[in-house]
Amino acid sequence: MEVLKLFALILLFTSASANVGASNRKHYIVYLGDHSFQDSESVIAANHEMLASVIGSYDGAKDAALHHYTKTFRGFSAMLTTDQVKQLAESDSVVSVFESKTNHIHTTHSWEFLGINNLEQYHQQSMDSTSDIIIGVIDSGVWPESKSFNDYGLGPVPTKFKGECSTGENFTLSNCNRKIVGARFYYKGYIAEYGPLESFNHTFFLSARDSDGHGTHTASTIAGSVVPNVSLYGIGKGTARGGAPRARLAIYKACWFNFCSDADILSAMDDAISDGVDIISMSLGPDPPQSIYFSDAISIGSFHAFQKGVVVSASAGNSFLPKTATNVAPWILTVAASTMDREIQTNIYLGNSQVIKGFSINPTEMVSFYGLVAGSAAAAPGIPSKNASFCKNNTLDPALIKGKIVLCTLEEMLDNRREKATVIQQGGGVGLILVDPLATDIAFQFQLPGTLISLSEAEKLQVYMSSQKNPVARISRTMTTLPIKPAPEMAMFSSMGPNVISPDIIKPDITAPGVNVLAAWSPLATDNTAGRSIDYNIISGTSMSCPHVSALAAIVKSSHPSWGPEAIKSAIMTTATNQDNTKSLIRRHPNGTQTSPFDYGSGHVNPAAAIDPGLIYDFDASDIIDFLCSTGASPAQLKNLTGEIMYCKKTPISSYDLNYPSIGVSNLRGNITVHRTVTYYGEGPAVYKAQVDYPAGVNVTVTPNVLRFGKLGDKMSFRINITAYKTSNGDFVFGALTWTDGVHVVRSPIGLNIISI
Ligand SMILES: *[C@@H]1O[C@H](CO)[C@@H](O)[C@H](O)[C@H]1NC(C)=O
Ligand SMILES: *[C@@H]1O[C@H](CO)[C@@H](O)[C@H](O)[C@H]1NC(C)=O
Ligand SMILES: *[C@@H]1O[C@H](CO)[C@@H](O)[C@H](O)[C@H]1NC(C)=O
Ligand SMILES: *[C@@H]1O[C@H](CO)[C@@H](O)[C@H](O)[C@H]1NC(C)=O
Ligand SMILES: *[C@@H]1O[C@H](CO)[C@@H](O)[C@H](O)[C@H]1NC(C)=O
Ligand SMILES: *[C@@H]1O[C@H](CO)[C@@H](O)[C@H](O)[C@H]1NC(C)=O
Ligand SMILES: *[C@@H]1O[C@H](CO)[C@@H](O)[C@H](O)[C@H]1NC(C)=O
Ligand SMILES: *[C@@H]1O[C@H](CO)[C@@H](O)[C@H](O)[C@H]1NC(C)=O
Ligand SMILES: *[C@@H]1O[C@H](CO)[C@@H](O)[C@H](O)[C@H]1NC(C)=O
Ligand SMILES: *[C@@H]1O[C@H](CO)[C@@H](O)[C@H](O)[C@H]1NC(C)=O
């Protein structure tokens with residue numbers, strides 16, 4: 001929301017500064033693949049030499065180079081002209097040259113703290129074993145003084161960790177501890193693309209210290225220590241904690257003022273992988289549509305992470321619509337956002353005792369009733385009533401709103417909500433009621449009593465207002481309500497599939513809580529908190545669901561230290577549920593509409609089950625290469641991704657045969673056979689039976705449909721024959737394949753686009 005507004009500002013800003021600089025150089029990433037250099041210094045020297053060959057001088061090369069990727073793979077980023085890019089791209093040792101693009105954090109809005117525990121469902125798990133797990137968080141840094149990062153009771157930093165605690169502005173070695181085991185920061189890409197940090201008129205620290213709040217929130221959601229009795233404005237009291245409260249955090253700050261440069265992110269990934277993290281959590285991504293994997297920094301960096309056994313969990317984005325999910329590579333765990341069974345309600349009491357249900361965070365109770373006026377009925381002279389209904393600046397008549405609660409509507413989804421409250425306050429009004437479809441999904445915090453209501457509640461309110469000569473209302477203080485049924489529901493904003501890059505891979509993969517999530521905050525980040533300095537905040541976004549899944553990956557990894565990223569992914573996906581707490585299929589906000597795996601992938605996370613999934617679908621880097629070959633990747637493209645020379649097999653596999661934990665066929669003509677292999681993780685012999693939930697218009701047979709396992713590690717392959725008897729008219733149809741031994745339920749959604757029979 002605001003993020004998008006800010007984006008417009010930044011575009012203006014950078015185009016202006018580009019004119020001034022009279023430079024046609026842009027920021028590019030030069031990717032050189034694997035390397036055999038002894039150390040970072042020799043890589044940097046070689047990079048400078050290569051760059052000097054196109055720039056003309058060694059000193060010029062040193063000035064132009066911004067980042068050197070020296071660890072997991074070789075490359076650099078630099079300000080270059082298109083001619084220089086061309087020359088470099090022609091060099092034999094250069095794999096590819098691509099422009100560093102913009103990513104933004106995947107939060108929609110922010111709010112304040114309530115004493116609720118968002119991870120209650122994880123309580124039953126013993127967390128001690130997670131203390132060897134290190135999660136790298138690529139985000140806006142950390143507020144190290146937060147109680148959530150105390151290291152009480154934690155043992156020494158795991159010896160496998162090779163990272164460092166980089167000092168910087170207001171960040172010393174003492175800001176790292178046994179919880180925050182490492183901290184680094186990256187800004188060269190950002191300033192090359194957007195200009196000096198000082199020019200943004202926002203508080204910032206040239207260090208890993210977080211002044212945006214986002215990174216503190218995501219890091220503490222993953223591995224915040226247990227902090228009892230947190231409460232704000234007395235609204236709620238409870239224990240704050242991360243999903244894996246004994247796990248360690250390595251902080252990689254690559255985002256500034258909600259934006260992150262590809263080149264900085266790639267540098268952070270290079271460091272994180274070589275520092276020895278187990279999991280990388282990235283609550284950020286490009287605006288949709290994302291680039292193909294072969295020229296996408298996040299896809300390339302996370303492929304290297306996958307090869308090195310590091311799980312990459314990333315947010316799908318907050319773009320509301322079908323085909324907008326980002327971070328969709330099969331080697332990334334792509335996370336959607338859904339609600340919890342709690343609501344944060346700020347209701348409205350009307351003069352006739354009726355109650356209108358609203359949502360926001362409102363710390364103060366209105367003790368008396370105030371007059372109620374619609375913005376449309378309070379237009380300033382010369383302003384059409386319709387324009388005034390949006391309560392934008394200089395459209396309302398102060399004489400008509402003074403002392404009143406004003407009812408406003410949105411002109412567009414991206415309207416700045418907080419500005420409306422400020423406009424009302426400046427005009428002498430006392431409260432804001434905003435009709436907003438996002439009401440339940442983002443609890444806003446305003447400078448004056450305010451609440452958001454749905455369209456249906458707005459109709460009730462309008463009936464009351466039109467039936468009264470002097471309608472009155474009062475806005476209550478916020479209270480939490482639970483348990484809410486149905487829950488979870490998909491957040492309205494959560495980005496959806498199908499996957500625009502690899503349509504045979506269902507994306508997102510999974511959903512987790514991402515609506516009104518409580519976690520630690522930077523007290524200096526007051527933009528979204530109506531100017532209040534707070535230590536914990538509640539915000540929404542796939543940015544908030546991603547860290548839940550990162551935490552779950554840490555828990556699974558600690559239970560199964562030998563498992564690779566694909567096994568952890570399989571465990572999390574095949575144990576997820578597509579049902580809500582009323583045993584119905586998960587629905588989507590705001591209208592309770594039907595959903596599909598394109599909303600939530602395999603479903604909502606189920607941590608207890610993910611630790612003991614029974615069976616695992618696995619695949620390795622060479623399977624990914626086969627998969628990419630099946631989708632038509634050329635050797636040159638593969639080299640762009642892996643950095644190595646790669647050839648496709650003579651007989652390519654079918655792209656739906658990647659041993660993925662979900663099953664997608666985007667181009668089904670007649671009959672096909674899909675192949676999968678499962679690995680048994682259990683004690684002693686076991687018998688698993690197949691159950692198929694048929695997608696409409698097909699017949700499905702599984703052969704064999706009974707799998708008998710003798711011992712841990714046994715692998716069994718099976719075929720899924722799909723016979724279409726009705727086309728699906730351009731839409732996907734969905735079903736599922738479930739293997740069960742009576743205890744474990746190993747479920748894979750099936751999504752088919754039936755082109756012909
Ligand atoms: C940062 O450090 C400076 C200099 O020590 C100090 O004056 C300032 O208060 C510090 N800021 C914060 C937010 O701690
Ligand atoms: C920052 O503030 C200066 C001076 O007030 C102003 O000229 C400039 O436009 C502002 N920049 C941004 C990005 O808002
Ligand atoms: C919780 O905090 C409140 C004030 O924030 C304090 O009055 C109360 O005693 C605390 N309770 C416990 C159990 O620490
Ligand atoms: C009212 O809104 C319309 C549409 O946004 C705009 O074109 C028009 O200029 C506005 N009128 C006034 C008087 O602001
Ligand atoms: C509205 O505009 C006036 C000037 O016309 C300005 O002083 C005020 O700050 C603006 N209010 C908001 C909320 O932007
Ligand atoms: C929800 O329903 C309202 C009223 O019927 C409609 O205007 C709105 O477009 C619907 N929203 C979505 C996302 O379907
Ligand atoms: C490799 O990446 C570069 C930069 O994105 C691109 O120009 C080139 O076309 C890619 N090569 C292939 C074969 O896709
Ligand atoms: C598809 O399967 C059906 C039933 O098994 C069979 O009768 C038919 O011949 C098959 N068609 C093709 C094209 O294989
Ligand atoms: C589906 O397969 C079963 C078993 O082969 C067969 O009896 C049935 O007729 C098939 N249904 C359709 C619609 O093809
Ligand atoms: C499944 O399809 C394969 C060919 O793709 C065929 O050999 C096999 O008999 C089929 N199995 C069933 C149960 O239809």
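The chain is numbered in sequence order, starting from 1.
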S.K.: Looking at K689 and D741, is there a salt bridge between them, counting it only when a charged N and a carboxylate O are closer than 4.0 Å?
M.R.: no
S.K.: Answer with yes or no whether the side chains of N606 and T575 bring together a donor and an acceptor at under 3.5 Å.
M.R.: no
S.K.: Taking everything shown except K323 itself, do over 12 heavy atoms lie less than 6.0 Å from its NZ?
M.R.: no
S.K.: So does K160 pair up with D132, basic N to acidic O under 4.0 Å?
M.R.: no
S.K.: Looking only at side-chain N and O atoms, does T334 offer a donor or acceptor that is under 3.5 Å from a partner on K507?
M.R.: yes
S.K.: Can you confirm whether L712 is buried at CG, in the sense that more than 12 heavy atoms of other residues, nucleotides or ligands lie under 6.0 Å from that atom?
M.R.: yes
S.K.: If only atom types and distance count, is the side chain of T70 paired as donor or acceptor with the main-chain N or O of S40 below 3.5 Å?
M.R.: no
S.K.: Under a 3.5 Å cutoff, is there a donor and acceptor pairing between the side chains of T218 and S283?
M.R.: no
S.K.: Using the rule given for salt bridge (charged side-chain N to carboxylate O under 4.0 Å, His left out), can you reason through K162 versus D275, listing the C-alpha separation, both sets of side-chain angles and the distance that settles it, and then say yes or no?
M.R.: CA-CA 4 Å; K162 304 283 181 254; D275 287 350; over 6 Å; no
S.K.: Give, for atom CD of Q637 and atom SG of C629, the distance between the pair rounded to the nearest 0.5 Å.
M.R.: 10.0 Å
S.K.: Checking T740 side chain against H744 main chain: does a donor-acceptor pair fall under 3.5 Å?
M.R.: yes
S.K.: Exactly one of F306, F98, W331 should register a ring pair (Phe, Tyr, Trp, His ring centres under 6.0 Å) with Y293. Which one does?
M.R.: W331
S.K.: Would you say the ring centroid of F598 lies under 6.0 angstrom from that of F734?
M.R.: yes
S.K.: Atom CG of N667 and atom OG of S654: how far apart are they, to the nearest 0.5 Å?
M.R.: 11.0 Å
S.K.: To the nearest 0.5 Å, what is the distance between CD1 on I568 and CD1 on I555?
M.R.: 11.5 Å
S.K.: Quick check for you: to the nearest 0.5 Å, what is the distance between L658 atom CG and I653 atom CD1?
M.R.: 6.5 Å
